[in-house]
Amino acid sequence: MRFKLLIQFLVSLGLVALPSFALANQKSVSDHPLTVVGFGDSLMSGFELPMQDSFTAQLEKALQEKGVNVTIANAGVAGETTTDGLSRLDWSVPEGTDLVILEFGANDALRGISPELSEKNLAEIIEKLKQRNVQVILAGMLAPPNMGDDYEAKFNAIFPRLAQKYDVPLYPFFMEGVAAEKSLQLEDGMHPNAKGVARMVDGFLPVIEKTIAETTSAISQ
């Protein structure tokens, strides 16, 4: 994988001794961009937003402004469940992908789909990506309160459990800082507006930076 080759190159140069490696030096040492896929539903696709305001576009821009040589493909499809995501995984995440931001679950919860099925689907997606040596960041979701305490408890436990089981980074709630803020949402009260997406990107940036830094540290040991 290009990502692993990049890490090994940095190790050989001794750059991993710098805590700030995270992402900033990547562009200067490689002409090959880090290939990322945002794989999810309408929260990933940028529902009713111009393409440049979607999560993937704003995240790509934020990383590039930090000097990161990265491309982030938008593989989000509105209305999809974890079952839909699993069914299109192979063609939505092409060969050569280094990192996947996995974001599904909101539609499962809204439709009252069994948490056990949602977890099974997400687990299979993670396993398939790991078999391909693709790094995964799991974007968590929370069930709406109107689904009841029992459903909420079962659904909300899915993401921390999967992150621990498969040892993948977890961003606990993809809509953190936006879900309860009407000024950051579209009129439907469910999807982020452009400013809301920017808030989501701000929250997510440390996770993707830490993921790359920890991967670097693990290879250098």
Side-chain angles (χ1 to χ4, degrees), residues 35-49 51 53-60 62-63 70-94 97-111 113 115 117-130 134-144 155-163 165-166 168-179 184-186 190-194 196-211:
T35 303
V36 180
V37 173
F39 184 48
D41 51 39
S42 58
L43 298 178
M44 184 66 70
S45 69
F47 181 73
E48 292 191 352
L49 296 176
M51 185 176 298
D53 289 334
S54 69
F55 179 82
T56 54
Q58 290 201 42
L59 180 62
E60 180 183 270
L63 289 171
V70 62
T71 62
I72 305 182
N74 190 333
V77 177
E80 285 203 338
T81 64
T82 56
T83 298
D84 298 317
L86 177 59
S87 70
R88 69 178 175 92
L89 172 63
D90 290 341
W91 59 265
S92 294
V93 179
T97 298
D98 299 305
L99 171 65
V100 165
I101 303 167
L102 178 59
E103 177 275 312
F104 282 102
N107 291 308
D108 293 52
L110 289 171
R111 299 177 192 181
I113 291 173
L117 177 59
S118 300
E119 184 168 1
K120 178 178 178 294
N121 289 334
L122 288 169
E124 191 167 346
I125 291 172
I126 294 171
E127 288 173 2
K128 285 178 175 291
L129 290 172
K130 278 185 163 286
V134 178
Q135 174 69 45
V136 177
I137 297 178
L138 182 60
M141 184 51 57
L142 299 176
F155 183 87
N156 292 355
I158 291 173
F159 300 91
R161 185 161 54 236
L162 287 175
K165 178 178 180 180
Y166 292 104
V168 298
L170 172 68
Y171 187 66
F173 182 36
F174 196 52
M175 291 283 287
E176 182 67 38
V178 176
L184 300 177
Q185 299 172 359
L186 299 178
M190 298 174 62
H191 294 92
N193 57 28
V197 173
R199 174 74 63 84
M200 293 163 64
V201 167
D202 285 343
F204 193 83
L205 272 171
V207 177
I208 194 169
E209 291 178 317
K210 183 179 179 182
T211 299

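In this structure, Thr71 and Glu60 approach most closely via the heavy-atom pair CA-OE1, 3.3 Å. Nearest heavy-atom pair across Ser45 and Ala78 is OG-N, 4.2 Å. The two residues Val37 and Ala75 make their nearest non-hydrogen contact at CG1-CB, 3.6 Å. Taking both residues in full, the closest heavy atoms of Leu49 and Ala194 are given as CD2-N, 3.9 Å, listed atom of the first, atom of the second, then distance. Looking at every heavy atom in both residues, Ala73 comes nearest to Thr56 through O-CG2, 3.8 Å. Heavy-atom minimum distance, Ile113 versus Ser118: CG2-OG, 3.9 Å.
For the pair Glu124 and Leu89, the minimum side-chain heavy-atom distance is 4.5 Å or more. You'll find the side chain of Phe104 stays beyond 4.5 Å of the side chain of Leu86, heavy atoms only. Side-chain contact check for Ile101 versus Leu59: some heavy-atom pair is nearer than 4.5 Å. Ile72 has its side chain out of reach of Phe55: every pair of non-hydrogen atoms, C-beta onward, lies at least 4.5 Å apart. Within the 4.5 Å cutoff, the side chain of Phe39 has no heavy atoms near those of the Leu129 side chain. Side-chain contact between Ser54 and Val197 is absent, with no heavy-atom pair separated by less than 4.5 Å. With a 4.5 Å cut-off on side-chain heavy atoms, Thr81 and Asp41 do not count as touching. A heavy-atom distance below 4.5 Å is found between the side chains of Met141 and Leu43.
With hydrogens and angles ignored, the 3.5 Å screen pairs a side-chain donor or acceptor of Asn107 with a backbone N or O of Glu80. A donor-acceptor contact shorter than 3.5 Å links the side chain of Asn156 to the backbone of Ala143.
If you take CE on Met175 and CD on Glu103, they are separated by 9.5 Å, rounding to the nearest 0.5 Å. Distance check, rounded to the nearest 0.5 Å: CG of Leu184 to CG of Asn193 gives 6.0 Å. Atom CG of Leu99 and atom OG1 of Thr211 lie 7.0 Å apart (nearest 0.5 Å). Rounded to the nearest 0.5 angstrom, Tyr166 OH and Leu138 CG are separated by 11.0 Å. Rounded to the nearest 0.5 Å, atoms CD1 (Ile125) and OG1 (Thr82) are 6.5 Å apart. Taking CD of Gln135 as the start and CD1 of Ile208 as the end, the distance is 9.5 Å to the nearest 0.5 Å.
Between Thr83 and Asn121, the side chains place a donor N or O and an acceptor N or O closer than 3.5 Å (distance only, hydrogens not considered).
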Residues Ile126, Lys165; criterion side-chain contact (heavy atoms from CB on, under 4.5 Å); working and verdict: CA-CA 10 Å; Ile126 294 171; Lys165 178 178 180 180; over 6 Å; no
Verdict with reasoning, Glu48 to His191, per side-chain contact (heavy atoms from CB on, under 4.5 Å): CA-CA 9 Å; Glu48 292 191 352; His191 294 92; over 6 Å; no
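Checking each of Gln185, Met200, Arg199 against Pro192 for a side chain to side chain contact (heavy atoms under 4.5 Å, CB included) leaves exactly one that passes, namely Met200.
Ring to ring, Tyr171 and Phe159 are not that close: their centroids are 6.0 angstrom or more apart.
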